[in-house]
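Quick note: numbers below take in every heavy atom, side chains included, and nothing from hydrogens, waters or symmetry partners. All chains are named by letter (A, B, ...) in the order of the sequence lines, taking the proteins before the strands, and each is independently numbered beginning at 1. Small disclaimer: the values here were computed from a predicted structure and weren't measured.
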Amino acid sequence: MEEEFKHRVYTLIGSIPIGFVATYGQIAKLAGSPRHARAVGYLLKNLPMDSALPWYRVINGQGKISFPEDSEKFQEQQNRLLAEGVKIVSGKLSLKVYQWR
DNA sequence: GATTTGACTCGCT
DNA sequence: CAGCGAGCCAAAT
């Protein structure tokens, strides 16, 4: 695996401000590989749970959490986001995609 | 070293 | 406007 890619992905995710989120594709692109959105997900999947990385700020291209609503993972991610200041509008999470400006 | 898998996307129906 | 399908490509087995 390319260590550099991984490192950039982790760094980028870590740099997402509170109250914002980013998409897998965006992370992959900024990490240097526009077509590796899935690899990003893969990396997050095998993250150690003791990691301080805000993986829950990463969502899919549709601005949603990439888990079925009934799954525990979904619940946890949503809760963490809510705890970070994300609000609910019209029953949906008000997710603002970070733009690395 | 080949095969399967997936926390993705985009485009067409 | 929601749903489905095919493309993509690294990581894991």
Side-chain angles (χ1 to χ4, degrees):
Chain A
M1 164 197 305
E2 300 186 25
E3 293 300 321
E4 197 157 312
F5 177 71
K6 276 168 59 177
H7 183 258
R8 285 187 224 170
V9 170
Y10 296 146
T11 303
L12 286 166
I13 295 177
S15 70
I16 302 173
I18 293 181
F20 285 78
V21 296
T23 69
Y24 296 94
Q26 190 170 26
I27 298 291
K29 179 182 177 183
L30 292 171
S33 304
R35 309 288 179 223
H36 300 114
R38 315 180 85 140
V40 174
Y42 227 111
L43 291 175
L44 295 186
K45 180 171 65 173
N46 63 43
L47 274 179
M49 49 193 96
D50 58 311
S51 170
L53 207 65
W55 55 268
Y56 44 83
R57 291 182 193 156
V58 183
I59 60 178
N60 65 22
Q62 299 162 26
K64 296 180 180 177
I65 295 175
S66 293
F67 282 114
E69 294 188 12
D70 52 307
S71 78
E72 286 299 326
K73 282 291 188 179
F74 176 92
Q75 298 291 343
E76 182 188 347
Q77 180 167 15
Q78 182 173 257
N79 284 336
R80 285 181 181 270
L81 285 172
L82 290 173
E84 299 273 321
V86 174
K87 298 177 181 177
I88 294 184
V89 178
S90 304
K92 305 166 188 172
L93 289 175
S94 172
L95 297 176
K96 295 178 286 184
V97 178
Y98 185 51
Q99 301 290 342
W100 271 278
R101 212 144 292 177

Phosphate oxygens OP1/OP2 of C:dA11: is one of them under 4.0 Å from a side-chain N or O of A:Asn46?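 For C:dA11, OP1/OP2 do not have a side-chain N/O of A:Asn46 under 4.0 Å.
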Quick one: does A:Arg38 reach the base of C:dC9 with a side-chain donor-acceptor pair under 3.5 Å?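 Per atom types, no contact qualifies.
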Name the nucleic acid region contacted by A:Ser33, choosing base, sugar-phosphate or nothing; use a 4.0 angstrom heavy-atom cut-off, strictly under.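 A:Ser33: no heavy atom of the nucleic acid under 4.0 Å.
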Would you mind reading off the distance between [X] atom [atom1] and [N] atom [atom2], rounded to a whole angstrom?
X: A:Phe67; N: B:dG6; atom1: CZ; atom2: P; value: 12 Å
X: A:Gln62; N: C:dC1; atom1: CD; atom2: P; value: 14 Å
X: A:Tyr42; N: C:dA11; atom1: OH; atom2: C1'; value: 5 Å
X: A:Leu47; N: B:dG6; atom1: CG; atom2: C1'; value: 15 Å
X: A:Leu95; N: B:dA7; atom1: CG; atom2: C1'; value: 15 Å

Given [options], which nucleotide is nearest the side-chain atoms of [X]?
X: A:Asn60; options: C:dC8, B:dC8, B:dA7; result: B:dC8
X: A:His36; options: C:dC9, C:dA12, B:dA7; result: C:dC9
X: A:Phe5; options: B:dC8, C:dC9, C:dA11; result: C:dA11

Testing A:Val9, A:Asn60, A:Leu43 for side chain to side chain contact (heavy atoms under 4.5 Å, CB included) with A:Tyr24, which one passes?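 Looking at A:Val9, A:Asn60, A:Leu43, the match for A:Tyr24 under the side chain to side chain contact (heavy atoms under 4.5 Å, CB included) is A:Asn60.
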Might you confirm whether atom CD of A:Glu72 has over 12 heavy atoms from other residues, nucleotides or ligands at distances under 6.0 Å?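 Count not over threshold, so no.
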